[in-house]
Protein chains: 2
Amino acid sequence: MPSMSNTTVFQQQARDRLTDRGARITRARCAVLAALLAADRPLSHHDLEQQLEDLCDRVTLYRVLAWLVDENLAHRVSGEDRVWRFNADHPSDHRYGHGHAHFHCNGCGAVFCMDAKARVPAVPDGFQLEAAELILRGLCRECS
Amino acid sequence: MPSMSNTTVFQQQARDRLTDRGARITRARCAVLAALLAADRPLSHHDLEQQLEDLCDRVTLYRVLAWLVDENLAHRVSGEDRVWRFNADHPSDHRYGHGHAHFHCNGCGAVFCMDAKARVPAVPDGFQLEAAELILRGLCRECS
DNA sequence: GGTTACATGCCACCCAGTTGCATTTGCGGC
DNA sequence: GCCGCAAATGCAACTGGGTGGCATGTAACC
Ligand SMILES: [Mn+2]
Ligand SMILES: [Mn+2]
Ligand SMILES: [Zn+2]
Ligand SMILES: [Zn+2]
């Protein structure tokens, strides 16, 4: 069986997920979702702009990302540097969904998804806890 | 013994901490630190601007806050809304220092310090963990 | 009081993200 | 294939939190 190039695989995956949702298949959505699927860590708007090189307007990129999060095709991580990073949600992934820890590198600023999950503590009376997020800081492999 | 007004107490506390540090006592530093000491939760730049009403320029406010964090007189919490909030560090407080959890209200956007601390998980080989932060989301007492 | 280093005010600027509106495009029906 | 229309896009202008440069003011030391 001849092996497909990785990019093609991810683009096909992206198209499949869009059709699953019954959503319109557009160039921007396919490319952005494929890029997120291919990435091993959450990508910022800026990362994607670089990588997709004039594929679409930056506003469209923002809108596509917001839409992917809305549709639960990706989740958003907010960084100390006040930029959001996006990560495709792999349904088969044990890290699927929210709640897994994210490691923020103090050196290069990159963010990595971790296997660990936040352990949920008790909250004071009257507070309603909906989600817990665990953020780790330090140096990544590259920056150590 | 006649009771001092709360504001005066906090202003005195603020002055004391500044002198402890051997730092210059300025109107802005006293007022900002007193406001943080008086607050029961982390305050944003905007919160403080409202509360201190033309006490100083907004740039000075940013600079005072950055300085307080530098001097370990306060710590900074980064919110999902891309604004920083500041909380005085009470040396006698069991929540002193970084590492305690913060509760972000999805209703009003306020942030609260919690007693719970993040439990530190293992990280992959090559990563150097320096700090762990636990963020809780949900509804605060007011918004429940 | 005079000196001086540090803090402040004011300005213009940056950067991530949003909004409004006209134009294009995916897609279902023919 | 072509049409029609809702949905997506491009473009321009805008918002809001935060920063940098530089001249002026002022707390602390003598
Ligand atoms: Mn993730
Ligand atoms: Mn706190
Ligand atoms: Zn790094
Ligand atoms: Zn609330």
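Just so it is clear, the model here is predicted, and its values are computed rather than measured. Chain A is the first sequence line, chain B the second, and so forth, proteins listed ahead of strands; every chain is numbered from 1.
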Per-nucleotide protein contact along nucleotides 24-30 of chain D, 5' to 3', at a 4.0 Å heavy-atom cut-off (B base, S sugar-phosphate only, - neither), is --BBS--
A correct 5'-to-3' footprint of nucleotides 12-20 of chain D, with B, S and - meaning base, sugar-phosphate only and no protein heavy atom under 4.0 Å, is B----SBBB
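Residues in residues 118-144 of chain A take part in these ring-ring contact (aromatic ring centres under 6.0 Å, His included) pairs, two or more places apart or across chains: A:F127-B:F103, A:F127-B:F112. Among residue pairs with one or both ends in residues 119-144 of chain A, those qualifying as salt bridge (Lys or Arg N to Asp or Glu O under 4.0 Å) are A:E80-A:R137, A:E133-B:R137, A:R137-B:E133; sequence neighbours excluded.
With sequence neighbours left out, the ring pair (Phe, Tyr, Trp, His ring centres under 6.0 Å) criterion links A:H45 to A:Y62. A:S44 pairs by the side chain to side chain donor-acceptor pair (under 3.5 Å) definition with A:D47, not counting sequence neighbours. Residues that satisfy the salt bridge (Lys or Arg N to Asp or Glu O under 4.0 Å) test with A:D57, not counting sequence neighbours, are absent from this structure. Contacts of B:D20 classified as salt bridge (Lys or Arg N to Asp or Glu O under 4.0 Å), with partners at least two apart in sequence or in another chain: none. Residues that satisfy the ring pair (Phe, Tyr, Trp, His ring centres under 6.0 Å) test with B:F86, not counting sequence neighbours, are absent from this structure. Not counting sequence neighbours, B:R29 has no partner by the salt bridge (Lys or Arg N to Asp or Glu O under 4.0 Å) test.
The terminal axes of the helix from C:dG1-D:dC30 to C:dC30-D:dG1, fitted over 5 pairs per end, subtend an angle of 30° to the nearest 10°.
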When the side chains of residues 48-55 of chain A are checked against the rest of the protein, which donor-acceptor pairs come out under 3.5 Å, sequence neighbours left out?
none

